[in-house]
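Labels below follow one simple rule: chain letters A, B, ... track the order of the sequence lines, proteins then strands, and each chain is numbered from 1. Only heavy atoms go into these numbers, but all of them, side chains included; no hydrogens, no water, no symmetry mates.
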There are 2 protein chains.
Amino acid sequence: MTEVQTRKAGRPKTSVLNPDQIVDAAFEVVHEAGPDGFTLTRLAAKLSVKPPALYHYFANKDAVIKAMRGRLASLNDVTGFARGSWDTAIFPWARSYRAAMLAFPASIALLATRPIDGEEESVANYETISASFLAAGWPEHEVVTILVALESFAIGSALDALAPDDNMSPGAFAADAPIFAAAEQARRDHAANRCTSVADASFELGLALMVAGLRMRLAELRA
Amino acid sequence: MTEVQTRKAGRPKTSVLNPDQIVDAAFEVVHEAGPDGFTLTRLAAKLSVKPPALYHYFANKDAVIKAMRGRLASLNDVTGFARGSWDTAIFPWARSYRAAMLAFPASIALLATRPIDGEEESVANYETISASFLAAGWPEHEVVTILVALESFAIGSALDALAPDDNMSPGAFAADAPIFAAAEQARRDHAANRCTSVADASFELGLALMVAGLRMRLAELRA
DNA sequence: ACCTGAACACCGTTCAAGT
DNA sequence: ACCTGAACACCGTTCAAGT
């Protein structure tokens with residue numbers, strides 16, 4: 001579990017650490033210890049190193065988290081924006097965004113509450129998407145506002161997907177809420193019949209709603 | 001700022017604290033010190049008390065947060081669904097939902113992956129909303145799917161609102177992403193001119209998009 | 001340059017002691 | 001019962017010292 005620490009003080013002949021390796025270990029620590037258990041002490045231990053050693057590679061804990069975000073950003077699929085229309089490109093991008101979050105369940109809360117603030121990968125993705133939106137005729141001041149709204153939905157949907165399937169069950173209060181109880185059951189049956197999860201159904205429906213709303217809005221802006 | 005502490009050890013003649021008062025102070029501390037600044041040390045100081053005194057009323061920090069959550073469960077505004085149309089009622093409800101989430105920065109993930117605390121209140125809210133949706137003609141199996149999509153967006157937007165306003169700033173990479181950098185600046189300027197936050201703008205736009213999409217979808221389902 | 005070791009201020013939590 | 005005071009293990013971060 002805790003690897004033995006035998007290194008003496010002083011610069012080692014060859015570097016023990018590098019940024020990529022630290023980020024790798026950071027994801028492992030979050031996975032094992034949860035968001036609240038993600039401490040630099042544990043991260044250092046995972047790397048068989050003392051906490052201050054990390055400060056040679058990252059300014060502070062937030063900087064480590066920022067780098068983790070960058071890693072996730074590289075999983076985002078923005079290829080559609082470069083070659084197709086903005087409204088169809090949104091779907092694979094939003095799905096990949098949510099999937100990236102879901103790949104590191106414990107990290108979602110940790111990563112979602114921190115600023116993206118100039119992470120190289122993210123910025124490159126945003127540049128591609130922004131160009132596509134502007135070319136489609138969106139006003140400049142709305143591009144990032146839309147982007148953030150879509151991301152917020154993807155993040156919230158990822159959190160929802162982590163909840164158990166009976167998350168919305170009225171439980172002991174079903175008798176007091178017959179209409180809701182029946183609707184909740186109907187939702188679960190419908191998803192089961194289609195071999196999908198209720199969380200996926202909400203994500204896909206919400207995404208379709210937002211894109212439909214965007215198409216309407218752009219048409220109005222052009223008129 | 002920090003109120004003077006002159007009480008001697010030992011049981012005071014009359015209790016200094018009570019649970020409601022502690023929860024009140026907890027909201028003030030979160031408001032003043034932010035998510036990371038919400039500590040029991042600060043909460044105790046706000047109450048002119050030492051930290052261990054809080055443990056007489058709450059088992060631990062999480063219990064305090066849970067009590068705060070319970071306080072806000074009743075703040076969800078579903079009154080519009082009972083007296084008006086579903087599509088206009090969504091706005092005050094979604095806003096109150098997000099506002100409630102924003103009061104618990106540290107526990108948004110818990111809130112999202114569990115039914116809201118004080119389940120009785122929540123189920124009653126869902127019953128009201130479900131009845132309104134069904135009456136409007138929504139298919140039974142889509143009612144809760146829509147509800148969850150809206151909640152996911154509200155939760156994701158609450159997380160976004162916790163980040164600093166320059167959250168999306170490209171920072172040092174602005175030169176590599178000129179289109180995005182300009183769009184991000186335009187977004188901030190636009191929000192500043194309207195005396196609103198960028199996070200609020202994204203939430204309001206996304207909410208409007210989803211409702212517009214819902215109206216279209218319902219019209220199609222009826223046709 | 002790159003790591004350890006010691007130190008600082010802070011945290012959540014426990015518990016004995018005082019009234 | 002209800003509060004303080006002292007203590008514990010832990011945290012993020014800084015910095016001198018060793019190689």
Just by distance, with hydrogens left out, do A:Ser202 and A:Arg187 show a side-chain donor and acceptor under 3.5 Å apart? yes
Under 4.0 Å between a side-chain N or O of A:His56 and OP1 or OP2 of C:dC3? no
Which pairs count as ring-ring contact (aromatic ring centres under 6.0 Å, His included) when at least one residue sits in residues 14-34 of chain B, sequence neighbours excluded? none
Among the candidates C:dG12, D:dA1, C:dC3, find the nucleotide nearest to the side-chain atoms of A:Ala53. C:dC3
I want to check one thing: is the phosphate of D:dC3, taken as OP1 and OP2, less than 4.0 Å away from some side-chain N or O of B:Arg7? no
So which atom in A:Ala44 and which in A:Lys50 form the shortest heavy-atom distance, rounded to 0.1 Å? CB-C, 3.7 Å
Which whole-number value in Å describes the distance from B:Phe58 CZ to D:dC2 P? 13 Å
Interatomic distance where CG belongs to B:Asp36 and P belongs to D:dG12 [whole Å]: 12 Å
Between CG of B:Leu43 and P of C:dG12 the distance, given in whole Å, is 9 Å
Closest approach of A:Glu184 to A:Pro170 (non-hydrogen atoms, all atoms of both residues): OE1-CD, 4.1 Å
Between P of D:dC11 and CG of B:Leu40, the distance in whole Å: 17 Å
Tell me the closest heavy-atom pair linking A:Ala191 and A:Ser197, and the distance in Å. CB-C, 4.1 Å
Taking the side chain as every heavy atom from C-beta outward, state whether A:Glu142 and A:Leu214 have any atom pair closer than 4.5 Å. no
Starting from C1' on D:dT13, measure out to CG on A:Asp62 and report it in whole angstrom. 13 Å
Among C:dC2, D:dC2, D:dG12, the one nearest any side-chain atom of A:Thr41 is D:dG12
A:His141 side chain near B:Asp189 side chain, heavy-atom distance below 4.5 Å: no
To the nearest Å, how far apart are B:Lys50 NZ and D:dA7 C1'? 15 Å
What is the distance from CG of B:Leu54 to C1' of D:dC3, rounded to the nearest Å? 11 Å
Pairs under 3.5 Å (N/O, protein and nucleotides 14-18 of chain D):
from, atom 1, to, atom 2, distance (Å)
D:dG18, N2, A:Gly10, N, 3.3
D:dG18, N2, A:Gly10, O, 3.4
D:dG18, N2, A:Arg11, N, 2.2
D:dG18, N3, A:Gly10, N, 3.4

Base, sugar-phosphate, or nothing for B:Tyr57, non-hydrogen atoms under 4.0 angstrom? sugar-phosphate
For D:dG12, does either OP1 or OP2 sit under 4.0 Å from a side-chain N or O belonging to A:Lys61? yes
Please identify which of these residues, B:Phe153, B:Tyr97, B:Phe91, meets the ring pair (Phe, Tyr, Trp, His ring centres under 6.0 Å) condition with B:Phe203. B:Phe153
Read 5' to 3' with Watson-Crick or G-U pairs under 3.5 Å, [ ] for crossing pairs and | for partners on another strand, DNA chain D gives ||.|||||...|||||.||
Please check this pair: side chain of B:Ser15 against backbone of B:Leu17, looking for a donor-acceptor N/O pair closer than 3.5 Å. no
